[in-house]
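Computed from a predicted model, the values in this text were never measured in an experiment. All heavy atoms count here, side chains included; hydrogens, waters and symmetry mates do not.
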Amino acid sequence: MTRTPVAGVDVRVLGPADWPLWRELRRAALADAPHAFRARLDAWGPGEERRWRTRLALPGAYHLAAFHDGHAVGTTSGLPAGEGTVELHSVWVATAVRGRGVGGLLLDAVERWARAAGAERLRLGVLAGNTQAREVYRRKGFVVVDERAGEVRMTKALTGAGEAVAQREPMTNEDGAGTGDDGLGPLASALGIDTVEVDGRAATADDLLWRAVRSDGHFTAAQVRGGKVRGMEVHLERLCAASRELWGDVLDPALVRERVRHALGGGARDAALRVYVHRPAGALSLMVTLAAPGGVQETPLRVRSVPYVRPFAHVKHLGGFAQAHHGRLAGRDGYDEILLTGPDGEVAEGGITNVLFGDGERLVLPTAPALAGTTLTLLERGLPAAGLALVRRPVRLTDLAGFRSVFLTNSRGIVPVAEIDEHAYEVDEPLLARLRAVYEAVPWEEV
């Protein structure tokens, strides 16, 4: 534990050995200000030393505690989010010392560390109703860049990357690949998006205008590590099948690979990848976007069921206003995800996830129409070899009390659920570890 004295307040850097202190601070924050965090106190029990140590041992992370008169009175963390971005997490100051600048000292310490590490921007999320925190961040130089699912996203440029730029033609490098921040505006930079290409070239305003006014299309999302993707063939099969169903057109998988490789610049980089298929002017068109890579969330999620199912659920299509708005409303009430259900309460899928239930003997996958996500597809293929049984059957809201555990899957990985509506679930750590091991055993494929 290293110490940096600042005018009566001690700001200390925490390591794995400090897990008891961090546990007490985190639990104090959740008990004191449940309205300010998505996580809930009952999802972070007082035990589970390994879980607390693991959080403090995240590679490249920076965890801080503030002390006043020898007492711990505040905490925050800076987590690397890729592409020059540091994400601020879990900012909290005890009631007794609020208004004395303790929060500002914590934020300043993270900013100094981020600058020293070469980061270009800080970003954070604050629940929409937490206007006091939002104002504190505004005074520290953060600006709002997005609001969705009940969360306001804010960012602060550290090197000028987020400052306004004059409008100009998209910039390209020598082989025509979009160079990202040079040709994109401040919102793209703040959101971590550095590349938008259409049909193998940097996107123009005309390209994006068509897509802005038309929601007709489909897409796939994947994480890229070292220029490789897990389950690339599954992503290609999804894109080809949807193109045939929507328009009767044949999409060339080799062309998709070529477009993705071009956007990646031929390098072994990490990124969050999206490939969109549209059909302007009567011909298929591919848009590829690259953003900062994302990782799986460790905190168990709170989920709220909503009376809505996606039309043509098996297609990963665009234009889901109702789905997005249900998520936004749930987010305002402190939920992390929604559970889509039919008129009779039959469970289909999450808003942006697939859902798996555990009954203590097997995994249960709902049979209601849903998108078969790539992570779920790859997981299903590996379960038998891992000795994990999976059954498919209808699941209704009235069945939720009978399950011991619940998991959500998407392109970022597998995350446990802490509660659905009034039903609370324990995190089955051994089962979660086995599921993640199955998924992580899937090899990364060259694009």
Can you check whether Ile420 reaches Tyr335 side chain to side chain, under 4.5 Å on heavy atoms?
no
What distance separates Phe407 CZ from Ile414 CD1, expressed to the nearest 0.5 Å?
8.5 Å
Just checking, is any N or O donor in the side chain of His218 or Glu245 under 3.5 Å from an acceptor N or O on the other one?
no
If you take all heavy atoms of Leu371 and Glu349, which pair is closest and at what distance?
N-OE1, 3.1 Å
Is there a side-chain contact between Glu337 and Val417 in this structure, where contact means two heavy atoms from C-beta onward sitting under 4.5 Å apart?
no
In the structure I gave you, are the side-chain heavy atoms of Leu284 and Val277 within less than 4.5 Å of one another anywhere?
yes
Do the rings of Tyr308 and His326 sit parallel, tilted or perpendicular, given the 30° and 60° boundaries?
tilted
Between Thr353 and Asn410, is any side-chain donor less than 3.5 angstrom from a side-chain acceptor?
no
Pro366 and Ala348 have their tightest heavy-atom pair at CB-O, 4.2 Å
Is it true that a side-chain atom of Thr85 and a backbone atom of Ala81 form a donor plus acceptor pair closer than 3.5 Å?
no
List the steps, then state whether salt bridge (charged side-chain N to carboxylate O under 4.0 Å, His left out) holds for Glu446 with Lys228.
CA-CA 5 Å; Glu446 294 284 354; Lys228 300 180 180 181; 3.8 Å; yes
Is Arg259 close to Val275 at the side-chain level, that is, under 4.5 Å between some pair of heavy atoms?
no
Can you give me the closest heavy-atom contact between Gly413 and Tyr439, atom names plus distance?
CA-CE2, 4.3 Å
To the nearest 0.5 Å, what is the distance between CD on Glu346 and CG on Leu340?
12.5 Å
Minimum-distance pair of heavy atoms, taken over all atoms of Ala222 and Val229
CB-CG1, 3.8 Å
Regarding Arg328 and His325, is there a side-chain donor-to-acceptor distance under 3.5 Å anywhere?
yes
Under the side-chain contact (heavy atoms from CB on, under 4.5 Å) rule, what do Arg123 and Val86 come out as? Steps first, then yes or no, please.
CA-CA 6 Å; Arg123 73 182 184 198; Val86 166; over 6 Å; no
Examine distances only and state if a side-chain atom of Thr76 and a backbone atom of Leu107 form a donor-acceptor pair shorter than 3.5 Å.
no
Look only at the side chain of Asp359 and the backbone of Arg362, and say whether a donor-acceptor pair between them is shorter than 3.5 Å.
yes
Does Ala65 offer a backbone N or O that forms a donor-acceptor pair with the side chain of Thr75 under 3.5 Å?
no
Does CZ in Arg269 sit with more than 12 non-hydrogen atoms of other residues, nucleotides or ligands closer than 6.0 Å?
yes
Side-chain donor or acceptor of Arg393 paired with backbone N/O of Thr367 under 3.5 Å
no
Counting heavy atoms not belonging to Arg404, are there more than 12 under 6.0 Å from its CZ?
no
Below 4.5 Å, heavy atoms only, C-beta onward: do Val406 and Val355 meet side chain to side chain?
yes
Whether over 12 other heavy atoms sit under 6.0 Å from Asp206 CG
no
Any Lys/Arg nitrogen of Glu120 or Arg115 sitting under 4.0 Å from an Asp/Glu carboxylate oxygen of the other?
no
Taking the side chain as C-beta and beyond, is there a heavy-atom pair between Ile338 and Val303 under 4.5 Å?
no
Is the shortest distance from a Lys or Arg side-chain nitrogen in Arg244 or Asp249 to a carboxylate oxygen in the other one below 4.0 Å?
no
Let me confirm one number: the CG-CG distance from Leu255 to Leu251, rounded to the nearest 0.5 Å.
7.0 Å
Basic-acidic side-chain contact under 4.0 Å: Arg304, Asp333:
yes
Answer with yes or no after comparing the ring centroid distance for His63 and Trp19 against a 6.0 Å cut-off, counting only values under it.
no
Interatomic distance, OG1@Thr341 vs CZ@Arg396, rounded to 0.5 Å, equals 11.0 Å
Between Asp421 and Ser305, the two heavy atoms sitting closest are OD2-OG, 2.6 Å
Geometric cation-pi criterion Arg211 and Tyr276, 6.0 Å radius, 45° cone
no
Side-chain ion pair, Glu111 and Lys156, N-O less than 4.0 Å
yes
Given Met287 and Leu208, is the side-chain contact (heavy atoms from CB on, under 4.5 Å) satisfied, shown in steps?
CA-CA 10 Å; Met287 181 171 75; Leu208 300 180; 4.0 Å; yes
Spell out, as yes or no, whether a donor-acceptor pair under 3.5 Å connects the side chain of Asp336 to the backbone of Arg302.
yes
Spacing of CG belonging to Asn354 relative to OG1 belonging to Thr375, to within rounding of 0.5 Å
8.5 Å
Nearest 0.5 Å please: distance from the OH atom of Tyr425 over to the CD atom of Glu419.
10.0 Å
If we ignore angles and hydrogens, is there a donor and acceptor under 3.5 Å between the side chains of His235 and Thr220?
yes
Leu273 and Thr289, any side-chain heavy atoms less than 4.5 Å apart
no
Side chain Ser215, main chain Gly319, donor-acceptor under 3.5 Å
no
Please report the shortest heavy-atom distance between Val126 and Ala133, naming the atom on each side.
CG2-CB, 4.0 Å
Tell me whether Glu233 is salt-bridged to Arg238, with the criterion being a basic N under 4.0 Å from an acidic carboxylate O.
no
Any donor and acceptor pair, going by atom type alone, linking the side chain of Arg310 with main-chain N or O of Val315 inside 3.5 Å?
yes
Check: Gly351 main-chain N/O paired with Gln323 side-chain donor or acceptor under 3.5 Å
yes
Does the side chain of Asp399 reach to within under 4.5 Å of the side chain of Val347, using non-hydrogen atoms?
no
Closer than 4.0 angstrom, basic N to acidic O: yes or no for Glu87 and Arg153?
yes
